[in-house]
Amino acid sequence: MEGKTPGFDIGAGQIPGELHLAAGQEAAAVGVCHHLRDYDTVTAPHRLHHIAIAKGVDLNRMTAEIFGRETGLCSGKGGHMHIFDMDVGFAASEIMTEGCPPAVGAALTAKKRNEDNVAVAYIGEGALDQGAFLESLNFASVHDLPVVFVVEDNDWAISMPKDRITAPRDGSKRADGFDMTGDRVDHDDVVAVYEAAGEAVGRARDGNGPTLLEVQVHRRMCHFMGDPQTYRSKGDQTAHRKRDSIERLAEDLRAFDIGDEELEALRDRGPRSCQGGDRVGPKNNRSPSRRLLTRTCSPTHPRE
Amino acid sequence: MEGKTPGFDIGAGQIPGELHLAAGQEAAAVGVCHHLRDYDTVTAPHRLHHIAIAKGVDLNRMTAEIFGRETGLCSGKGGHMHIFDMDVGFAASEIMTEGCPPAVGAALTAKKRNEDNVAVAYIGEGALDQGAFLESLNFASVHDLPVVFVVEDNDWAISMPKDRITAPRDGSKRADGFDMTGDRVDHDDVVAVYEAAGEAVGRARDGNGPTLLEVQVHRRMCHFMGDPQTYRSKGDQTAHRKRDSIERLAEDLRAFDIGDEELEALRDRGPRSCQGGDRVGPKNNRSPSRRLLTRTCSPTHPRE
Amino acid sequence: MAVPADLDRTMTMSGAMVEVIATEMRADEEMFYMGEDVADCDGIFDSTEGLREEFGRDRIMDVPISETAYIGAAVSAAQEGMRPIAELMFVDFFGVSMDQIYNQMAKNTYMSGASVSVPMVLTAAVGGTYNDAAQHSQALYGTFAHLPGMKVVVPSTAYDAKGLMHNAIRDDDPVVYLFHKRLMGIGWLPAPDGPKTGVPEESYTIPFGSADVKREGADVTVVTLGLHVHRALEAAEDGVDVEVIDLRSLVPFDEETVLESVRKTGKLVVVDEDYRSFGVTGEVISRIVENGLGDLDSVERVAVPDVPIPYSRPMENEIVPDSDDIIDSIHNTNS
Amino acid sequence: MAVPADLDRTMTMSGAMVEVIATEMRADEEMFYMGEDVADCDGIFDSTEGLREEFGRDRIMDVPISETAYIGAAVSAAQEGMRPIAELMFVDFFGVSMDQIYNQMAKNTYMSGASVSVPMVLTAAVGGTYNDAAQHSQALYGTFAHLPGMKVVVPSTAYDAKGLMHNAIRDDDPVVYLFHKRLMGIGWLPAPDGPKTGVPEESYTIPFGSADVKREGADVTVVTLGLHVHRALEAAEDGVDVEVIDLRSLVPFDEETVLESVRKTGKLVVVDEDYRSFGVTGEVISRIVENGLGDLDSVERVAVPDVPIPYSRPMENEIVPDSDDIIDSIHNTNS
Ligand SMILES: Cc1ncc(C[n+]2csc(CCOP(=O)(O)OP(=O)(O)O)c2C)c(N)n1
Ligand SMILES: Cc1ncc(C[n+]2csc(CCOP(=O)(O)OP(=O)(O)O)c2C)c(N)n1
Ligand SMILES: [Mg+2]
Ligand SMILES: [Mg+2]
């Protein structure tokens, strides 16, 4: 076990469980979600918080959920891997590509209702080989549904590099086998993603069918908090950290003569309202039995 | 229920259960299996008997199995949908594309053992959308395995025409999304299939990776014996019956000046040895409890 | 028995189910039905007979043979407020789509802190008795009942099928509605007489968790469901005064009706068509033992032994409990 | 307790498992291991620690995240005579691959009339207690034990893990080997002391279907497995003279050891980490009721209530039985 000293006990502390942080993947979130409206649906996988933020999920209630509080989006039952915020059409789940069929279902619903909603399903590049995703490509294609599949390619599926498990290297080529438009943004750049996603989301919204869009991103951190990353070279870790799209966006903006002060001001306009861990609402410490067992499955869902 | 008068009670008679006959699909079976040796593996779906015959399955014991006899290939436990004859590397199962991962596993085994065995997985065109098949394409491709996926396209998945459920129309295009060679034989002709399959099986045997081969065939009969086919026009039924590849092969041979007598002689050389229903061995009528419950799962499989 | 005896409109079980679906679909444009061969083919088990004619292919939707994709799509359509029914042709196919069923359909409401609901019905055909062998003959009741978040319903008659289907469609939670092929009244798979019952024209619901005493009796309690309700009723003609309880739903489970009967008889025979171990029979017995151990003199379970279903007819007949097996067990509780 | 007390070589449970796999792989070139992150990462739960160094990536194979594909591939590799181990990272993922598991791995031997065998081991991590929420914390013991054709094994100590793993690999049938994450001794998930035991250097097997009396006692029988063996042992320090039985395998099931204990104590508490209904606890109780109803004075079951596992720590703690819950139940059987 030499060298494999994990950061901490993931069953302890304020934020337990497998927390997957998304630093380095912001471009994929912002570049796509900028095209979306509240009533559009996004499904996200285990690495979800950047997407949630970009989709406009309530940050206080998401933070409360991460801390397992009653005031959280899921009353502390879902946790950081299963964030639901139906006000902005966001749902996350942690089994690989489990969100793809539901995204297809949201798109099908839009089509049935003759509305122009779009659905976006995010997955990681490691999930390109999972049946639920592949079946969803066909379903979306044969029904010409308004859905965009976004693959965040961060080179790694936990410890497995892409070419060890997936053929071909360019995941957007999967689309070719399903009569679907495929596209790949080969560099981690929010503007490039924004442009490609504009095409894809627009295509969907205008009723011209689904798209598979792969986007290069970077994994600045370990797979989940506590993962010692013994499988990953220091060089690779540094390279990923260096390719920070936020920093590079700042550089691009500077090239347009936007100064540091202006940049700082821009940063301040971002969502800063979320409260720290201790201020997110009552702890779930009181004997929770009743709340736990009621609503096992049945919120009232009135039928008009 | 007018017009929907089924032939018979499928729970009665000598051959109960959902029997799927394969008349009209012979070219796909013979054209491919002719390239195979006993130690090559074939997995087949619910419509399997033509493939079993072409692969050299013991006809008497298969017939006995169809009649549920003790002497059957599976002692009457498997039945006509689950034929196993390991002497010739044949296994069938009835859940869509369930045989694909095992075919991949047989190919993986060959690669591990450095043997030149090939595995062939048959599916129907209706199964092009099933996860197990799609995952298998990637697994075979990324490991460059000696496996050929053969899609028998008979236009119908029970009552569903291909274009209602699958995109694209040409199933072999699925290969494009998985960095694999795809090919389609667009007409129901045993020689054309033989040639395309020769390429595919040869590619696999020589270590040059997997192939997806789609073959047009015809469904001369109902989906399973008893299915009244109310969903299918008489015209379509007639058209399928007319495109009998055996008859057309005979015509082709006549064009080469092979006379009726010679053709008859050729036919006689085919497997005729299988016995009728009443001669296939003891009925399973004696109280079967002991045999039923022993060998639940445990034949001895000696380890050397 | 809860059926009004004087009804002269008799129906098959499939007929009753289809009537309900049509009625509910007329009332709610947001309802639709997805499955393989449900449009032009009317459902392999007549589960959608005639519906495509009335509602068209957009609402009676044939789908790709991608159970994961379309069941998952149904889950989110339900979350969006639609009311889908998704048909899994044979329950035996659950293995290709279980993740969507149990990790999404069944859990999303709970995981989301009840911020979403999943008002959908998942139907599936269950059961053997026609030699369809190991991959098409299972009941799998226990497999679904064990995993939380789904209601699990099993009708045994046309009358019950109707009331339970109305309830399933109107329920705001996911309901797994398991119908036995042998009871449907399909042309190519003749049903016994039992399931064909009188069925009122008007709509009515049968609440889940209400077991039905299909036959009153004083000596032995037989608890069962689905096809085996009829086999138990047959067995009850053998002399002993048997009470036959049809559970009708496994989740929720009507403990009270069973307990009450056992308090009276002291003898419990549990019969089902699922595998014996870790399934329905064990649960029924344990519920009684937990709450009425003192009332219990003897217990028998009658189920499919723990082997896959064999193909050949004598073998399958040996494996699937018949009325003789039930009679034997009834006698055992008396010895 | 079956462990020789004087062993001074102690190991973690994962260490014991890995040792066995290495030993067996050295002896048999036809063995290989497939799973996600099992090569360079040593297995997420240290289940293959150091093996890639010795055996290389061809035998310690990372696979695509395609559980259906690689588990199905393992099935036929086994049928071809190889001896694969396939790891399903979390048992909670069974839903994406269950068809290959239960319709092929578990049934092929029976369906083929025993003309093939499937000598493979399917390993999977089970259990909660670290707030990994609804999709990563389940035990699902009952789900696997219910479906015929698989042996189902659950070790609770390093000593047992070793003997059961040898037996699993050498078995000619498919074995589902469920290890509890909390017991493995992983750096990022500290284990309690219990599972770290003395482990002999030499190979030995523990036959399936042999429950182990982990603590002898005269007053109450506690039947359990996995993590809850340790919680039951803790509870047994509370005064009442408790006998703790570790089932070690669910299929086959050691009825005799449990019956014998209940004959002595008359009181049965069944504890597990799976959902309460239609699962393990019901089966254990029914087995005893069927064969020893007369010996039974009182029964309690302690399991996860029928809801998905919630994320927040106090909620999960409330749901997963702890030693206090077991103590309460032990006292209940005495009142
Ligand atoms: C069906 C399934 N198999 C395996 C896992 C375990 N798992 C969680 S994350 C992960 C790697 C995912 O890699 P990728 O899709 O590239 O996403 P990333 O973590 O890189 O964002 C795996 C294998 C899972 N959650 N679901
Ligand atoms: C996973 C799964 N879903 C559904 C079925 C039911 N089923 C059996 S055959 C069939 C149609 C198959 O069509 P196709 O693959 O084209 O083969 P064909 O019958 O035309 O030979 C279906 C849907 C099944 N066996 N397995
Ligand atoms: Mg990745
Ligand atoms: Mg077809």
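Order of the sequence lines sets the chain letters (A, B, ...), proteins ahead of strands, with each chain counted from 1.
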Student: Taking 4.5 Å as the heavy-atom cut-off, does anything in residues 134-141 of chain C contact chain B, and if so which residues?
Tutor: A134(C), Q135(C), H136(C)
Student: Using the test salt bridge (Lys or Arg N to Asp or Glu O under 4.0 Å), find all partners of E214(B) that sit at least two apart in sequence or belong to another chain.
Tutor: K162(B), R184(B)
Student: Any side-chain heavy atom of E18(B) sitting closer than 4.5 Å to one from I44(C)?
Tutor: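 A side-chain contact under 4.5 Å is absent here.
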Student: Can you name the residues of residues 93-103 of chain C that have some heavy atom under 4.5 Å away from a heavy atom in chain B?
Tutor: F93(C), V96(C)
Student: What residue in T166(B), L128(B), I66(B) has the most heavy-atom pairs under 4.5 Å with chain C?
Tutor: I66(B)
Student: Please state whether the side chain, the backbone, both or neither of M160(B) comes within less than 4.5 Å of a heavy atom of chain C.
Tutor: both
Student: Heavy-atom distances under 4.5 Å only: say whether L19(B) touches chain C with side chain, backbone, both or neither.
Tutor: neither
Student: Which value, rounded to the nearest 0.5 Å, describes the distance between Y130(C) atom OH and I10(B) atom CD1?
Tutor: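 It comes to 6.0 Å.
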Student: If I measure from the heavy atoms of chain C, does F133(B) come under 4.5 Å with its side chain, its backbone, both, or neither?
Tutor: neither
Student: Closest heavy-atom contact between G13(B) and R313(C)?
Tutor: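 Distance-wise, the nearest heavy atoms are O-NH2, 2.7 Å.
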Student: Using heavy-atom distances under 4.5 Å, tell me whether T68(C) contacts chain B through its side chain, its backbone, both, or neither.
Tutor: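 When you check distances to chain B, no heavy atom of T68(C) falls under 4.5 Å.
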Student: Answer whether the closest heavy-atom distance between the side chains of I165(B) and V63(C) falls below 4.5 Å.
Tutor: no
Student: Among the options E65(B), M96(B), H223(B), H80(B), pick out the one with the most heavy-atom pairs lying under 4.5 Å from chain C.
Tutor: H80(B)
Student: If you count heavy-atom pairs under 4.5 Å with chain B, which of I65(C), N131(C), N317(C) comes out on top?
Tutor: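 The option with the most such pairs is I65(C).
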Student: Mind running side-chain contact (heavy atoms from CB on, under 4.5 Å) on I158(B) and M89(C) for me, showing each step along the way?
Tutor: CA-CA 12 Å; I158(B) 310 186; M89(C) 191 187 283; 4.0 Å; yes
Student: In terms of heavy-atom proximity below 4.5 Å to chain C, should Q229(B) be classed as side chain, backbone, both, or neither?
Tutor: neither
Student: Counting N and O atoms only, with roles assigned by atom type, does the side chain of S159(B) sit under 3.5 Å from a partner on the main chain of D40(C), one being a donor and the other an acceptor?
Tutor: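 Judged by distance alone, no pair lies under 3.5 Å.
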Student: Rounded at 0.5 Å granularity, tell me how far CZ in R232(B) sits from SG in C41(C).
Tutor: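 Answer for the CZ-SG pair, R232(B) versus C41(C), is 12.5 Å.
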Student: Please find the pair of heavy atoms, one from P64(C) and one from D129(B), that lie closest to each other, and give the distance.
Tutor: CB-OD2, 3.6 Å
Student: Working to the nearest 0.5 angstrom, can you tell me the gap between E94(B) CD and D92(C) CG?
Tutor: 9.5 Å
Student: Are the side chain of Y311(C) and the backbone N or O of S75(B) linked by a donor-acceptor pair below 3.5 Å?
Tutor: no
Student: Which residues in residues 52-62 of chain C have any heavy atom closer than 4.5 Å to a heavy atom of chain B?
Tutor: R57(C), D62(C)
Student: Check each atom of S93(B) against the heavy atoms of chain C and say whether the ones under 4.5 Å are side chain, backbone, both or neither.
Tutor: both
Student: Under 4.5 Å between any side-chain heavy atoms of F67(B) and S312(C), yes or no?
Tutor: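 They are not in side-chain contact.
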